[in-house]
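Structure record follows, encoded as C-alpha cells.
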Amino acid sequence: MSHLPNSLEARDIAYQLHAYTDARRHEENGPLVIEKGEGIYVEDNTGKRYIEAMAGLWSVAVGFGEKRLVEAAARQMEKLPFYHTFSHKTHGPSVELAEKLVSIAPVPMSKVYFTNSGSEANDTALKLIWYRSNALGQPERKKVISRVRGYHGVTVATASLTGLPNNHRSFDLPIARILHTTSPHYRTMKKDGEDEATFAKRCAQDLEDLILAEGPETIAAFFAEPVMGAGGVIVPPEGYWKAVQPVLKKYGILFVADEVICGFGRTGEMFGTTTFNLQPDMITLSKAISSSYLPISALMVNETVYGPVADESHKIGVWGHGYTASGHPVAAAVALENIKIIEERNLVGHVKAISPLFQKRLKDLAASPLVIETRGIGLIGAAELAHGAYLDKPGALGALANAEFHARGLISRNMGDSMAFCPPLIITEAQINDLFDMAEAGIEAVSKTL
C-alpha cells in the first residue's frame, strides 16, 4: 500500500517499531492512524468512525474523551507535574490512591507499590517473591508457576511467566525457575470422556503433581489471571478455583492474582477476585485503573508478603528497587478520578445489568459454521474461528475476520483465530447490538470468501 511521502503513515513506517506487529508487513501496509475518540468510538484520520470493541487494549473503562479525567490531569499538572516516591518522599495523589486501593481491595491488603504498566507490576511482584524467600531464610524457594496461555507481561521475567510461544520465540525465554501448568481451557485441554468438573479437578492435580515433582520447598508462588485475557479469553470451568486454591495453601505457596484486565468492573464485580472467590496474597492492577488515560499500575501485597520484605529492607538498610515514575502525581490523580467515576456512575452495576445481552449476542455468533466456540463473562468475551477446517495456518482466519470487521467500522483483536470483544464499560444495549451486528456481518463475509 502506498502512502504520501510526508503523511503520518509514511513517517510511521520510516521511524516507529510497533508492538505485536509483523515489522516487514507493516512496511508494506502501514498503520491505521487513530485521531480522536469519544465514548465507545474512535475515529481515524480519514474521518471513519469505529466501535472500539477492545477498549483500546482492554482498558478504557469510562470511554474515550472523558472530560473529568482531562481536567484532573490538568489540575495536577499545574500544581505538581512530577515528583517521586524514593527515599521517604511522597505526595498527596500517591497517598490518596494507595489508601483508596487498600480500602476497596477484595481481600485484606497491607501496602501498595506503584508501577507504570501491568508488566512492571508483575515483574515487581516476582522480585518481591524472591526477596521475601531470602528474607525468610529459604533461598531455594524461588520457582514460580504460571499457566499455559496465561499472560503476565513482556519484560524478560514477565514474558517468561507468560505462557504463549510467540512471547518466547527468538527472545531466549523463558528464564530459569519459571514453570507452566495446565491451561483451564476445557475444550482444548480436556481428555476423552472428561466432563468439566473432572477436568477442573485434574487441573488442580496437574498443579500438585508439578509441585511435588519440583519439590514443594522450591516453589514460591503461583501467578494467574482470574479470567485469561490475551491467551484467548479463557473463563475457567466451575470448580476450577475451588480445586486449585487448596493446593497452594497446602504447600504454603503465594498466590498472585493478575487483575490487569479483570480489575475495576470487567467481570461484573469490581475485581475478578470477588467474581471467583479468590484469596490472593498479591494483586496486580493496571489498564482500567486510569482507563489508560495515563500509564499507571499497582501491586498490592498482604501482610504475609510485606512483613518479611520490610524486615529484610531494614536489615540491608534499603529496599533497592524503584521506577522514576512510580506513583506519578498526574497519573495517580487521573486514576483517583477514574475510580470515582466508576463508583459514582455505578459502572459495575451497569456491567451486571447489561452483560446478559452482551453474552447472548456473543453466543449467537456460534450460529456461524466458522465459529467453533464462544466464551466470556461480564463485558469480556471471544469467538473462536475454526481455522483448521478452512485455512491451515493458525491466525489466518482471524486476520481475515479482523479486516472485515475494520471495513465495517469495528475494532476487535484476533488472538490467533479467537476474536476478542472487551468494550468500554459505558457501552449501551443499542451499542452492544451494533457491535455484534457488525461482527456477524464480518464473519458472514469471511465465510463467503472460503
Side-chain angles (χ1 to χ4, degrees), residues 32 34 37-44 48-58 60 63-64 185 187-188 227-235 261 266-268 350-391 393-450:
L32 173 68
I34 298 299
E38 182 179 2
I40 71 161
Y41 303 98
V42 293
E43 188 175 301
D44 69 20
K48 182 174 180 177
R49 192 169 78 154
Y50 303 81
I51 292 177
E52 225 311 348
M54 286 302 297
L57 280 174
W58 322 85
V60 184
F64 296 88
H185 186 203
R187 183 179 62 80
T188 58
V227 173
M228 286 180 164
V233 187
I234 307 301
V235 182
I261 288 176
R266 180 58 59 186
T267 63
H350 175 70
V351 172
K352 283 184 178 179
I354 209 166
S355 58
L357 174 63
F358 180 89
Q359 293 300 326
K360 179 188 180 301
R361 291 301 309 266
L362 175 67
K363 289 177 182 176
D364 288 346
L365 295 179
S368 169
L370 285 187
V371 177
I372 57 173
E373 183 182 40
T374 62
R375 45 190 184 262
I377 188 172
L379 281 184
I380 184 171
E384 186 167 348
L385 308 180
H387 80 267
Y390 298 93
L391 296 172
K393 185 178 179 182
L397 202 52
L400 287 177
N402 239 356
E404 291 291 347
F405 287 3
H406 273 215
R408 286 160 176 76
L410 177 65
I411 294 177
S412 174
R413 181 181 178 187
N414 67 298
M415 298 166 298
D417 294 295
S418 292
M419 309 306 299
F421 305 99
C422 184
L425 303 186
I426 62 169
I427 194 169
T428 66
E429 288 189 354
Q431 291 168 339
I432 286 173
N433 284 322
D434 288 345
L435 186 163
F436 284 107
D437 286 348
M438 291 180 187
E440 285 180 354
I443 291 170
E444 176 64 19
V446 172
S447 69
K448 290 179 178 178
T449 67
L450 299 173

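Positions are given from 1 along the sequence.
Inter-residue side-chain proximity for Arg408 and Asp437 is flagged as unmet; no heavy-atom pair is nearer than 4.5 Å. Here the side chains of His185 and Glu373 are in contact, with some heavy-atom distance below 4.5 Å. The shortest side-chain heavy-atom distance between Leu385 and Val446 does not fall under the 4.5 Å cut-off. In this structure, Glu440 and Asp364 have side chains that are in contact, with non-hydrogen atoms separated by less than 4.5 Å.
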Legend entry - Working for salt bridge (charged side-chain N to carboxylate O under 4.0 Å, His left out), residues Glu384 and Arg375: CA-CA 8 Å; Glu384 186 167 348; Arg375 45 190 184 262; 2.8 Å; yes
Inset, instruction - Starting from the C-alpha separation in whole Å, work towards a yes-or-no answer on side chain to side chain contact (heavy atoms under 4.5 Å, CB included) for Leu57 and Arg413. - result: CA-CA 9 Å; Leu57 280 174; Arg413 181 181 178 187; 3.9 Å; yes
Inset, instruction - Let me see the working for Ile443 and Glu404 under side chain to side chain contact (heavy atoms under 4.5 Å, CB included), right down to the final yes or no. - result: CA-CA 8 Å; Ile443 291 170; Glu404 291 291 347; over 6 Å; no
Legend entry - Derivation and outcome, side chain to side chain contact (heavy atoms under 4.5 Å, CB included), residues Val60 and Glu52: CA-CA 10 Å; Val60 184; Glu52 225 311 348; over 6 Å; no
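Between Phe436 and Phe421, the gap from one ring centroid to the other is short of 6.0 Å.
Here the closest non-hydrogen pair linking Gly37 and Phe64 is C-CB, 3.4 Å. The nearest pair of heavy atoms linking Ser412 to Phe405 is CB-CD2, 3.6 Å. The two residues Leu365 and Ala383 come nearest to each other via the heavy atoms CD1-CB, 3.9 Å. Shown here for Ala53 and Leu410, the closest heavy-atom pair between the two residues is CB-CD1, 3.6 Å. Considering every non-hydrogen atom in both Val233 and Ala420, the closest pair reads CG2-CB, 4.4 Å. Nearest heavy atom pair, residue Val227 against residue Thr267, reads CG2-CG2, 4.4 Å.
With rounding to the nearest 0.5 Å, the separation of CZ in Phe358 from CD1 in Ile380 is 8.0 Å. Taking NE2 of His350 as the start and CD1 of Ile426 as the end, the distance is 8.0 Å to the nearest 0.5 Å. Rounding to the nearest 0.5 angstrom, the gap separating the CD1 atom in Ile432 from the CD1 atom in Ile427 is 5.0 Å. Here Arg266 contributes atom CZ and Leu379 contributes atom CG; the two are 6.0 Å apart, rounded to the nearest 0.5 Å. Atom-to-atom distance recorded for Ile40:CD1 and Gln431:CD is 3.5 Å, nearest 0.5 angstrom. Here the CD1-OG distance, from Ile372 to Ser418, works out to 7.5 Å after rounding to the nearest 0.5 Å.
Asp417 contributes a side-chain N or O that, together with a main-chain N or O of Gly395, makes up a donor-acceptor pair within less than 3.5 Å.
Every residue was checked against the side-chain hydrogen bond (donor to acceptor under 3.5 Å, both in side chains) condition with Gln359, not counting sequence neighbours, and none meets it. Residues meeting the side chain to side chain contact (heavy atoms under 4.5 Å, CB included) test with Asp44, sequence neighbours left out: Leu32, Ile34, Thr46, Lys48, Tyr50.
Around the CZ atom of Arg187, the shell of radius 6.0 Å holds more than 12 heavy atoms that belong to other residues, nucleotides or ligands.
Residues Glu38 and Arg49 are not paired through a salt bridge, judged by the lack of any N-O separation under 4.0 Å between the basic side chain and the carboxylate.
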